[in-house]
Amino acid sequence: MASVELEKVRKSFGDAHIVKGVSLSVATGEFLVLVGPSGCGKSTCLRMIAGLEEITSGDIRIDGQRVNDLAPRDRDIGMVFQSYALYPHMTVKENLAFGLTLRKVPKTEIDARVNEAAKMLEIEPLLARRPKELSGGQRQRVAIGRSIVRRPQVFLFDEPLSNLDAALRVQMRAEILSLHRRLGTTMVYVTHDQVEAMTLATRIAVLNEGVLQQVGPPAELFHHPANRFVAGFIGSPSMNFFDGVVAHGAFESNGLTVALPVGVQGLAEGTPLTLGIRPHDVTLGEGGAMGGIQVVESMGWEAFLHVQIAAGRVVARVEGALAQSKSGDRVSVKIDSARIHLFDADGRTLVSPQDAGERGLSARASA
Amino acid sequence: MNALGFSRARNANRKRFLMALALLLSVTSLAPVANASPVTIRLWHSYRGGEQQALDESVKRFEAAHPDIRVESLANPYESFASKLSTAIPNDNGPDLFIFADDRLGGWAKTGIVAPLDGKVGAAKWASFLPQTVKPLSFDGHIWGLPLAFKTLALFYNTALVKAPPKTTDELVRLAQSRTGSGSFGLAYTADNFFNHAPWYLGFGGVLFYPDGRVGLSSPGAIQSFAFVQDLSRRGILPKEPDDATVTRLFNQGHAAMVIDGPWFAAEIDRSIHYAVAPLPVVSATGKPASPFLNDEAVYVSAKALHPREALLLAEYLAGTESALIRAAVGRQVVASKAAWTDPRLQHDLFLNAFRQQAETAVPIPKRSEMLDVWEAGKLALKMVLRGSTPKAAALAAEHRFYAINPLSAPAKSPLPYLFLLFGLALGILALVIRWLAGVARRGEGKRFRLGWSWAAPAMIATFILIFVPFAIGLGLSFFRHHEGHFIFIGWANFGDILGQHRFRLTEPLSFYYSLVVTVAWTVVNLAIHVTLGLGLALLLNKPTLKLKAVYRVLLIIPWAVPNYITALLWKGMFHEQFGAINAMLKLLGLHPVAWFSSFGTAFFADVCTNAWLGFPFMMVVCLGALQSIPRDLYEAAEVDGAGAWAQFRHVTLPLLQPALIPAVLLGMVWTFNAFNVIYLVSGGAPDNRTDILIAEAYRWAFQRQEQFGYAAAYAALIFVILLGWSVVSQRIARRAEAVR
């Protein structure tokens, strides 16, 4: 077990700057999820930690030791690839044992460790098979198992679940989590799926266009996003945004007027602002902005209503009888100024709701 | 332009391929012969260049004089011409008349291929030819052809280097010695060709055949003649490993003072070289003149001619004075017509007169089919003495070879039991086909797949005609013995002889088992090199950091793109003992030059080098394709797992290449097993057929040793069986490799 530190790490391919100075430290035993949209540089960061990609500048340390110039095999890491990267010509057992065989571990110990990992991942009956005879989920277990048997200091996961179907993904997520709990090893996990990030992470690091946006526990990112990007990226469905200005001491956007919350009342008239509100904070009731329901995403008890109001489209989470609304129904959407996030013209957060912690979350906070 | 029989090396190789094809076609196709007015007669010849021009001109004049006769003349590749005549005429598929030398007359007269002419042509006509040109056309008390021209060897000399031609061999040696040195040679000719050696052989009193039929290759005169050539070579007068191209080049560069060659050589001499021709010198040791073979070109009327009367008319015209003058003027041929020589143009032609003079001492080639085996045996002796064997040993080896390659005289057998077997086999196959067709009909597949069948049909029919029919004919042929145009059924005798080892010792190059061992070694060594080189280069080309990849790839594929016989001839040239690039480099490095084709190891090495050059691009392309299909993250996974470069290669690259590589290797093995071109063109079996692989030996039995087609077919059948067995084994291996993926 070890810590991982990135210090001002940059990666460029010629003029293309992929990672633009990321500094990040992962504590021993932590489960850090690197999340961001496609092409944000998260996989590159992971590959630089693994040593599969050279660092243009900056330092990477594992367990306090600078590893910039170490080959992957000397970094004592385990890595699980998106494509699983199982050796097609080897049996599952050989795949699991490969790293140990190369390291000339005695055969009895190899067998013991392989069996232990296989047991942990419930792939014992598959040991004699070849990868092509396995399902996607089974292959993923083998890929994880291959990392486990070597007992590395750090596990690296590169979008390991993206090739699985939704149900399997949920199951594997839980298993990876329990694995982390059992092994306690430091894990760095890359995904573009914020749900995965929220459910797995001790801490999440959000990356966009090669720049680190925010690092923190999932709840913190959810309730106190550092900027508009994080606010929009974390949470499902996404936060609703309205662009507007300060007018008569209130937020004003195309007929939508919301009083400014405490702490930002000193803003000058005409200051451009963006208002953000999460769907579960939007309520329906008399006296709000009127609009027609365009789409109903029904989950049974609850539903997400896409309502078109003058200021734009807003998604609202409703429960019970309201969940039975039909598209075309006209409703009144209310935006409570106590529940809004405000962002300045540069996307920086000016204010977030104060009482987030008390409301409790459906999402898990941390292990 | 060279229609003379025995300068075999010249352009021989392509012609031989064509010959095999032509032979096949002539056997399988039966062209109808038109019988309408005006009468069309077919004339076959093997003339080229000026000689062909002269013949065409004569034919044109003949047609003008005989409007009721049309002449269809066909130029045949020389190498295949004799066998084509031997097989086409008995099948009523040959020409009405043809032009050929006198050396095959014996067999053709005996087997009824040519018709005797002595009763049909008047005495005055016979008297109009030089007598020495009529004599060789007599056989069995008849005269069989009308002489057109003759060819002999004579001495060409560069008049800038040689003032007066030598009169005796002592003079020749002295003169040649004085013109030898610093890259120049006193005398150049293809000394390992028995036709070119014949003047010495006969001049020293060597016997070709004793009256009782034994061959005289080890007669005292023969041995002396071999010693004479060895002496020429030891003195450095002769260039090493001389071939026609080398001789021509040396003479044209002024690096050869004298050349022994026939009249066709004149066409190859550069304009800047002033030369003259003289008869060959008298052999000092015996006082006898060096006597070259006389190659008497005559026109023959086929015994199966459809229009013998018209054919004879044309023959007489071609042999007449008018035609002879055209031949002399246009074709530069030494004509047989006496009257032509009274023409002032011929009288003052020093060149033609030199050959006419040489003809006085020239000797006709013995008219017996065994003579064909003397060429190979004689060549063996010459190669051996030129390599340094004692003349006696060489002569004995030649004699041994002569008897070894004599055709099998297995008795004819009744084909009935075999036919019975064949009939049973055919019945069985028919039953299987019917059962299958019934199945197709029952399942209604015939209708359902009608469109599919109609698309597959052209390919199936073509495969049947082009592959199965010739294959069946070849297989059938292996149960026959070919003797002068006739095929005699002999059952399993060919196979029995090949596998039974009655005629050759196991370690002799003519033994099937010896050749098999060489072939297997050849295949294994080549494949190992192909794979190593191909894989190595593919790995280099697959490096993502490599620049100019496309350029390298193209450069490395070039050896594959160049026609392989050109490459083979280039390599042969590079391995030449005296003029080759490889020895030149060895000399630069201060090493001794190597006579590459004088021992098995070095000759085999030269063959392997050539074939490695030809074969690695295929393996490289296969490997490159396979390498590119290996996902990169497997290497990354291996890297993380702790694999270094070697372990990645060993545990990822190699196993994942297997599915692509193994079929390529298996295929390459079949190709290499039958890589006739390289062996035939580079080492040519040297030394003494020791580097011949099975297919090359099969070829020699068919086309160089009295046309033992049946014996060669049996060789081919055995090769087929071996490869079939191998392909069954290899399919298993391939399937196992495929299971990996």
Side-chain angles (χ1 to χ4, degrees), chain A residues 13 43 46-54 70-91 94-105 130-133 139 142-160 163, chain B residues 531 535 538-539 542-549 619 622-666 730-741:
Chain A
F13 296 99
S43 275
L46 190 77
R47 292 169 58 80
M48 287 193 288
I49 297 171
L52 297 172
E53 212 78 72
E54 270 185 51
L70 284 186
R73 58 183 158 163
D74 299 323
R75 296 190 183 194
D76 201 5
I77 46 154
M79 183 153 170
V80 178
F81 294 82
Q82 180 177 355
S83 63
Y84 321 132
L86 299 179
Y87 310 117
H89 54 290
M90 299 184 194
T91 61
E94 287 163 343
N95 263 287
L96 294 179
F98 184 61
L100 297 177
T101 317
L102 284 177
R103 287 179 162 81
K104 304 228 160 45
V105 174
R130 288 187 199 279
K132 70 170 176 188
E133 298 163 298
R139 289 181 203 189
V142 176
I144 294 170
R146 187 167 61 179
S147 304
I148 292 177
V149 291
R150 291 208 345 264
R151 296 179 186 159
Q153 295 194 64
V154 180
F155 278 120
L156 305 176
F157 293 87
D158 189 4
E159 308 215 20
N163 286 359
Chain B
V531 171
L535 181 55
L539 287 172
N542 199 39
K543 271 214 158 90
T545 50
L546 187 73
K547 297 237 166 70
L548 296 175
K549 216 180 275 189
M619 287 297 169
V622 168
C623 289
L624 197 56
L627 282 177
Q628 283 166 349
S629 73
I630 300 178
R632 215 167 69 112
D633 45 15
L634 284 188
Y635 290 105
E636 295 181 340
E639 234 181 306
V640 172
D641 266 342
W646 168 247
Q648 285 179 39
F649 176 74
R650 165 82 187 67
H651 296 291
V652 179
T653 309
L654 220 47
L656 292 180
L657 271 183
Q658 264 188 28
L661 201 53
I662 285 183
V665 167
L666 299 177
S730 63
Q731 291 240 317
R732 291 232 178 105
I733 301 174
R735 223 173 293 145
R736 209 178 316 149
E738 230 164 77
V740 166
R741 274 233 153 144

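All of these numbers come straight from a predicted model, not from anything done at the bench.
Both the backbone and the side chain of Tyr87(A) come within contact range of chain B, each with at least one heavy atom under 4.5 Å from a heavy atom of that chain. Residue contact with chain B, scored on non-hydrogen atoms closer than 4.5 Å, involves the backbone of Leu86(A) exclusively.
Scanning residues 47-54 of chain A against chain B with a 4.5 Å heavy-atom cutoff picks out Arg47(A), Leu52(A), ordered by number.
Remark: the backbone N or O of Ala638(B) is not paired with any side-chain donor or acceptor of Arg73(A) at under 3.5 angstrom.
Applying the 6.0 Å contact sphere to CZ of Arg632(B) captures no more than 12 heavy atoms from other residues, nucleotides or ligands.
If you look at Phe98(A) and His651(B), their ring centroids are closer than 6.0 Å.
Between chain A and the residues Leu634(B), Asp633(B), Asp641(B), the largest count of heavy-atom pairs under 4.5 Å involves Asp641(B).
In plain terms, the two heavy atoms of Val640(B) and Ile77(A) that are nearest each other are CG1-O, 3.6 Å.
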